[in-house]
Amino acid sequence: MAEERNKRAVTELARKPGNTVCADCGAPDPDWASYTLGLFVCLSCSGIHRNIPQISRVKSVHLDPWDDVQIEYMSCLGNKVAEAKYESKVPAFYYKPASSDCQVLREQWIRAKYERKEFILIEKQEPYSAGYREGLLWKRGRDNGQFLSRKFVLSEREGALKYFNKNDAKEPKAVMKIEYINATFQPAKIGNPNGLQITYLKDNSTRNIFVYHEDGKEIVDWFNAIRAARFHYLQVAYPRARDIELVPKLTRNFLKEGFMEKTGPKHTEGFKKRWFTLDDRRLMYFKDPLDAFAKGEVFIGSAENNYQVQEGLPSSTQGNHWQYGITIVTPDRKFLFACETDTDRAEWVAAFRTVLSRPMLPQEYAVEAHFKHKP
C-alpha cells in the first residue's frame, strides 16, 4: 500500500545523516517534520512551528499519513539544506538555543529563521547588531519587588549598559560596564516567561537586575545585543583570539542554583537557609532568590590550589536542620553547607567538582586576591 510505503520512506529520511537531530534545537531523534520547510524537528519545536502555520506545517513522522509529493519534497531538502538556506548569515555572537533552553529563546530563534528570515536578509539584524540600542524594560525594584518601566540604553561606544529611573533623566541610575556584564534567562525565578537576569560587578561584588518585556522578540533582541557588545569588546581586548574562543565568554548560564543551609565562620552559629548561585568561580548566597545584592560570596579556586569539596560535615557540627552536608575547603577556611536531599547534595558536589577540576587562569588569581567574603 502507498500509505505504508510512504511511512517507511519518511522514517528512513528521518534517519539520514543530518536529520537525526532537531533542525532547531539539536534534540536527538526528531519524530516530527515540517513538510512545507522540508526539515525534521522534535515534539517541543513542532509546537512552535504550529504557531506559524503561514510558514510551517508539521506532521508526525510515525502517526500521520504522507503523500508522494510530500515525500519527494522532504527527500530533496532535509535539515542540512534548510540550515544552509535559513542560517547562512547567523552572526557569530547570536545565541543558538539548545533543547534545554527556555521557550522564548527557542521560539524567537525559530521565528527569526523562518518567519523574519533574519539570517538571509542581513538588514533585519539591525536591532541587535547596530552597536546601540535603547528602549523600555520592566525592571524589578530593589526594595519593594514591584516591576516598573525603566529606560535602558546599550552603547558599545561607551562600553556600557545604563538604565534611567525617568525617561528624561540626565544621569543614569546605574552604569554597567560591558566588560563585566552577564545576562541569562530566568523565567521560573522571575515569574515571567520573558524574564532576564542581568548581573554585573560593582566594587568587585555582584549586582543582580531582573527585567522582562511583554514581547518575546524584544527581550531576545536585548539579550543578543548584549552578546554583540560583549563580542566586540572581547575582540578588541583579545585581538589574537578566534571567534570560536570568544563566543563561550559572551554570556553564561549559572552552573547551579538552589537553597542550602549555611553557618558562619566560627561554625557555632545557627544554620540559616539561603539561596545559592554558582556563577563560574563565584558562589553567592542571598536571603531571597530575587535579591539585588548577595549577602556573601565565596571564591572557588582549583584543586591544584588547595581548594576541595567534601561530602559531609565535621562531627562536631550542630544546628543544621538538613542532613546532607557539604564542606568546602579553601586555603583560608572551611565553609559548611547542608542540603535538603541526597540528590541536591550530589548535584552541588558535581557542580563544585567541575569548577575545581579547571586550572585557574591568570586573571582569576587577581579575582582571588581581591575577593572579599562577607561572613
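Computed from a predicted structure; not experimentally measured.
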Q. Is there a donor-acceptor contact under 3.5 Å linking the side chains of Tyr307 and Glu368?
A. yes
Q. Is the backbone of Leu201 close enough, under 3.5 Å, to the side chain of Ser205 for a donor and an acceptor to pair up by distance?
A. no
Q: Answer yes or no: is there an ion pair linking Glu126 with Arg133, defined by an N-O contact shorter than 4.0 Å?
A: no
**Q.** Distance-minimising heavy-atom pair for Leu356 and Gly301
**A.** CD2-O, 3.6 Å
Q.
So Met360 and Tyr365, do their side chains get closer than 4.5 Å, heavy atoms only?
A. yes
**Q.** Salt bridge present between Lys7 and Glu4 (N-O < 4.0 angstrom)
**A.** no
Q) More than 12 heavy atoms of other residues, nucleotides or ligands under 6.0 Å from NZ of Lys59: is that the case? A) yes
Q | Any side-chain heavy-atom pair of Ser60 and Asp31 under 4.5 Å | A | no
Q. Under 3.5 Å, side chain of Asn224 to main-chain N/O of Val220, donor-acceptor pair present?
A. yes
(Q) Looking at Arg57, is its backbone amide N or carbonyl O close enough to the side chain of Arg50 to form a donor-acceptor pair, meaning the two atoms are under 3.5 Å apart? (A) no
For residues 160-173, which side-chain donor-acceptor pairs fall under 3.5 Å, sequence neighbours excluded?
| from | atom 1 | to | atom 2 | distance (Å) |
| --- | --- | --- | --- | --- |
| Lys162 | NZ | Glu158 | OE1 | 2.6 |
| Asn165 | OD1 | Arg150 | NE | 3.0 |

Q: Can you measure from CG (Leu136) to CG (Leu148) and round to the nearest 0.5 angstrom?
A: 12.0 Å
Q: Check whether any side-chain N or O of Arg282 sits under 3.5 Å from a backbone N or O of Phe299 as a donor-acceptor pair, and report yes or no.
A: no
Q.
Which residues pass the ring pair (Phe, Tyr, Trp, His ring centres under 6.0 Å) test with Phe271, not counting sequence neighbours?
A. none
Q | Separation between CD of Gln125 and CD of Glu118, rounded to the nearest 0.5 Å | A | 7.0 Å
Q.
Holding to salt bridge (charged side-chain N to carboxylate O under 4.0 Å, His left out), I want the full list of residues that pass it with Arg140, two or more places apart in sequence or in another chain.
A. none
Q. Does Lys256 count as lying over the ring of Trp348, i.e. NZ or CZ under 6.0 Å from the six-ring centre, within 45 degrees of the axis?
A. yes
(Q) Are the side chains of Leu234 and Val236 in contact, using a 4.5 Å heavy-atom criterion? (A) no
(Q) Quick check against the 3.5 Å criterion: does Asn194 have a side-chain atom that pairs as donor or acceptor with the backbone of Glu214? (A) yes
Q. Taking a hydrophobic cluster as the set of Ile, Leu, Val, Met, Phe, Trp and Tyr residues connected by side-chain heavy atoms closer than 4.5 Å, whether directly or through intermediates, do Met176 and Ile190 fall within one such cluster?
A. no
Q) Pairs in or reaching into residues 316-330: which pass salt bridge (charged side-chain N to carboxylate O under 4.0 Å, His left out), with residues at least two apart or in two chains? A) none
(Q) Check whether Phe293 forms a cation-pi arrangement with Arg207 (NZ or CZ under 6.0 Å from the six-membered ring centre, at most 45° off the ring normal). (A) yes
Q: For the residue pair Asn6 and Asp67, confirm or rule out a side-chain donor-acceptor distance under 3.5 Å.
A: no
Q. When rounded to the nearest 0.5 angstrom, what distance separates CG in Leu336 from OG1 in Thr327?
A. 5.0 Å
Q.
Please say yes or no: joined through hydrophobic side-chain contacts below 4.5 Å, possibly via intermediate residues, are Phe276 and Val355 part of one cluster?
A. yes
Q. Under a single-linkage definition using a 4.5 Å side-chain heavy-atom cutoff for Ile, Leu, Val, Met, Phe, Trp and Tyr, are Tyr128 and Val247 assigned to the same hydrophobic cluster?
A. yes
Q. Hey, are Asn208 and Gln197 close enough side-chain-wise for a donor-acceptor pair under 3.5 Å?
A. yes
**Q.** Point-to-point distance, once rounded to the nearest 0.5 Å, from CG of Leu121 to NZ of Lys117
**A.** 8.0 Å
Q. So is Lys262 actually on top of Tyr285's ring, under 6.0 Å and inside 45° of the axis?
A. yes
Q. Is any side-chain heavy atom of Arg8 less than 4.5 Å from a side-chain heavy atom of Thr11?
A. no
Q) To which residues is Phe254 joined in a hydrophobic cluster, defined by side-chain heavy-atom contacts under 4.5 Å among Ile, Leu, Val, Met, Phe, Trp and Tyr, whether direct or through other members? A) none
Q) In chain order, what residues pass the side-chain hydrogen bond (donor to acceptor under 3.5 Å, both in side chains) check against Tyr114, with sequence neighbours excluded? A) Asp24
Q: Look only at the side chain of Gln310 and the backbone of Ile326, and say whether a donor-acceptor pair between them is shorter than 3.5 Å.
A: no
Q.
For a 4.5 angstrom cut-off between non-hydrogen side-chain atoms, does Tyr95 reach Leu105?
A. yes
List the atom pairs, donor and acceptor, that lie under 3.5 Å between side-chain atoms in residues 73-94 and the rest of the protein, sequence neighbours left out.
| from | atom 1 | to | atom 2 | distance (Å) |
| --- | --- | --- | --- | --- |
| Tyr73 | OH | Thr36 | O | 3.0 |
| Ser75 | OG | Ile71 | O | 3.3 |
| Ser75 | OG | Glu72 | O | 2.7 |
| Asn79 | OD1 | Phe40 | N | 2.7 |
| Asn79 | ND2 | Gly18 | O | 3.3 |
| Asn79 | ND2 | Val21 | O | 2.9 |
| Asn79 | ND2 | Phe40 | O | 3.4 |
| Glu87 | OE1 | Lys96 | NZ | 3.4 |
| Glu87 | OE2 | Lys113 | NZ | 3.0 |
| Ser88 | OG | Phe119 | O | 3.1 |

Q. Do Glu179 and Lys177 sit within salt-bridge range, that is, some charged N less than 4.0 Å from a carboxylate O?
A. no
Q. Say you draw a straight line from CD of Gln363 to CG of Leu361; how long is it, rounded to the nearest 0.5 Å?
A. 5.0 Å
Q) Restricting to pairs with a member in residues 169-192, which pass ring pair (Phe, Tyr, Trp, His ring centres under 6.0 Å), not counting sequence neighbours? A) Phe185-Phe223
Q: Taking side-chain hydrogen bond (donor to acceptor under 3.5 Å, both in side chains) as the test, write out the residues that go with Glu364, two or more places apart.
A: Arg281
Q | Which residues share a side-chain hydrogen bond (donor to acceptor under 3.5 Å, both in side chains) with Asp279, sequence neighbours left out | A | Arg252
Q. Can you find a pair of side-chain heavy atoms, one from Met260 and one from Glu340, that are under 4.5 Å apart?
A. no
Q) Do Met284 and Ile300 sit in the same hydrophobic cluster, where Ile, Leu, Val, Met, Phe, Trp and Tyr count as joined when their side-chain heavy atoms come under 4.5 Å apart? A) no
Q | Residue pair Phe152 / Val211, side-chain heavy-atom distance below 4.5 Å | A | yes
(Q) Quick one about Gln235 and Tyr233 (side-chain donor to acceptor, distance below 3.5 Å, no hydrogens or angles considered), yes or no? (A) no
(Q) Donor-acceptor check, side chain of Glu245 to backbone of Arg242, threshold 3.5 angstrom: yes or no? (A) yes
Which side-chain N or O atoms in residues 314-321 pair as donor and acceptor under 3.5 Å with protein atoms at least two apart or in another chain?
| from | atom 1 | to | atom 2 | distance (Å) |
| --- | --- | --- | --- | --- |
| Thr317 | OG1 | Pro314 | O | 2.7 |
| Asn320 | ND2 | Trp322 | O | 2.9 |
| His321 | ND1 | Glu261 | OE2 | 3.1 |

Q | Side-chain heavy-atom pair Cys102, Pro187 within 4.5 angstrom cut-off | A | yes
Q. Who pairs with Glu257 by side-chain hydrogen bond (donor to acceptor under 3.5 Å, both in side chains), at least two apart in sequence or on another chain?
A. Gln186, Lys189, Trp275, Thr277
Q: Look at the side chain of Asn182 and the backbone N and O of Thr251, then say whether any donor-acceptor pair between them is shorter than 3.5 Å.
A: no
Q: Identify whether Val61 and Leu39 are in the same connected component of the hydrophobic contact network (ILVMFWY, side-chain heavy atoms under 4.5 Å).
A: no
Q | Exercise: do Arg353 and Gln308 side chains pair donor with acceptor under 3.5 Å | A | no
Q: Look up atom CD in Gln54 and atom CG in Asn51, then write down how far apart they are to the nearest 0.5 Å.
A: 9.5 Å
Q. Is a side-chain donor-acceptor pair under 3.5 Å present for Arg106 with Gln103?
A. yes
